[in-house]
Protein chains: 2
Amino acid sequence: MSSDNPETRTRILKAALNLLEAGQGKSVRMTDIAKRAGISRQAVYLHFSTRAELLIATTYYLDEVKGAEERLVPSRATRSGIERLDAFIEAWGGYIPEIYGIAKALLAMKDTDEAAAKAWDERMQDMREGCEAAIKALKRDNRLSPHHSQKKATDILWTMLSVRNWEQLTIECGWPQEQYIETLKSLARRVFVVEDASN
Amino acid sequence: MSSDNPETRTRILKAALNLLEAGQGKSVRMTDIAKRAGISRQAVYLHFSTRAELLIATTYYLDEVKGAEERLVPSRATRSGIERLDAFIEAWGGYIPEIYGIAKALLAMKDTDEAAAKAWDERMQDMREGCEAAIKALKRDNRLSPHHSQKKATDILWTMLSVRNWEQLTIECGWPQEQYIETLKSLARRVFVVEDASN
DNA sequence: GTGTCAATTGACATGGTGTCAAGCGCCCTT
DNA sequence: AAGGGCGCTTGACACCATGTCAATTGACAC
């Protein structure tokens, strides 16, 4: 079981979140999390039976805390496909730095841990739906470049917006977050948008 | 020291290579490599003092075996910037599947192992030089889009061509290698090339 | 034969995850 | 006020991979 005392449970989640955010990808041990939560290591296992399970629960907690859902509201509310594409890139691109710590941890486990892989893929699938919606909206407006099928365009946008690419551009290449967002918006336009595909 | 008997040394490297290629990213243990080389685990340590050192040596061995250098010759030999961009994408994009196994192993160690990180970054730096050269050639021809500075264009091309992106598009999205290459060439054109920037 | 050197064997340290069992303190019940 | 249940603690332990160490073997060289 992994529920009984909700107090301690959320203390653990908070601790995990803090450490993952602060560590920016540095590996965080069960011991560290326990210590931070002011609890014994074994108590952590009383609530989450594996590290993977804890990390996964942490992602849900993160979404709750940061209001992941609400962020996407503006992108859904926009009228034109182009606006929607922009709004989505802005929302997701702005969200990445907040989830980066935990994303990194999950990503690192992906290769060895089945559960971690599944959790991560699930979330990326959610994100992909956003991409797909933006592409569909473009298509509806007859502004989607005829170079790409809908599936292919979605694949490309999804890949462009990956956490790994954000990492490479901002952390390795030193781009400021602002530039990342602006550039990705402009790239997406160049790649996906045409004047009017119906003519 | 890590040299004395070149026979055994290359047997180890071959074993590592085989396993990494076959495993397509699955973690390969020192024990596995030793067994494959028909040698005791400790003998491996006689030649390579750490796993990281072995993996790094394996990348050099790989380059040697696959003739990494020669692959880039056609891209250097081309006249126009556009041809060079195409040739580079083809050469590098075609090389990725061959190095994928070891790339994955190195990438997985990057977070925890200093040496592995350095080795990987070094190789990516080499690759980046190819990107930079292609961008410079475009610029020289006045065909580089004025949207991007040379540095920024290099950053983008470098990121587009990352192993992670190849992985996502081919393995996760299921693109055939052929489609990967063609699409990346076409994307690069759309993103970087203009009719003639000097007018 | 004796030395040298690659390789073998087997034991051991380390560091992290996950397991197990016993015990402790606190609140709830009756 | 005694007894139970429950959340947590303590400490020992198994596991697994990397890396270390020391003693030994076997071949070839002089």
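Throughout, protein chains are lettered first and strands after them, A, B, ... in sequence-line order, and every chain is numbered starting at 1.
Distance B:Tyr45 OH to C:dG10 C1': 15 Å, rounded to the nearest Å. For A:Ile12 and D:dT9, the CD1 to P distance is 9 Å, given to the nearest whole Å. For the pair B:Arg9 CZ and C:dA7 P, the interatomic distance rounds to 12 Å; values are reported in whole Å. Separating the CZ atom of B:Phe48 from the P atom of D:dG19 is a distance of 13 Å, rounded to the nearest angstrom. Summarising the geometry, the separation between CG on B:Leu46 and P on C:dT9 is reported as 13 Å, rounded to the nearest angstrom.
Side chains of B:Asp63 and B:Tyr95: a donor-acceptor N/O pair is present below 3.5 angstrom, by distance only.
Within the 4.0 Å cut-off from OP1 or OP2 of C:dA6, not a single side-chain nitrogen or oxygen of B:His47 is found.
If you check every strand for non-hydrogen atoms under 4.0 Å, A:Ser27 touches nothing.
A 6.0 Å sphere centred on NZ of B:Lys151 holds more than 12 heavy atoms belonging to other residues, nucleotides or ligands. Around the CD atom of B:Glu114, the shell of radius 6.0 Å holds no more than 12 heavy atoms that belong to other residues, nucleotides or ligands. Within a 6.0 Å radius of NZ in A:Lys139, no more than 12 heavy atoms belonging to other residues, nucleotides or ligands are found. For A:Lys152, the NZ atom counts as densely surrounded, since its 6.0 Å shell holds more than 12 non-hydrogen atoms of other residues, nucleotides or ligands.
Each of A:Met109 and A:Ile56 belongs to its own hydrophobic cluster when Ile, Leu, Val, Met, Phe, Trp and Tyr are linked at side-chain heavy-atom distances under 4.5 angstrom.
Base pairing annotation: D:dC28 forms a Watson-Crick or G-U wobble pair with C:dG3, both donor-acceptor distances under 3.5 Å.
Using a 4.5 Å heavy-atom threshold, the side chains of A:Arg123 and A:Met127 count as separate. Annotation: side chain of B:Arg190 is in contact with side chain of A:His147 (closest heavy-atom distance under 4.5 Å).
For the pair A:Arg128 and B:Glu172, the salt-bridge criterion is not met [side-chain N within less than 4.0 Å of a carboxylate O].
Residues of residues 28-42 of chain A that place a heavy atom closer than 4.0 Å to DNA chain C, in numerical order, are A:Arg29, A:Met30, A:Arg41, A:Gln42. Taking a 4.0 Å limit (strictly below) on heavy-atom distances, residues 109-118 of chain B does not reach DNA chain C anywhere.
For A:Thr50, the side-chain atoms get nearest to C:dG18 when compared with the rest of C:dA7, D:dC8, C:dG18.
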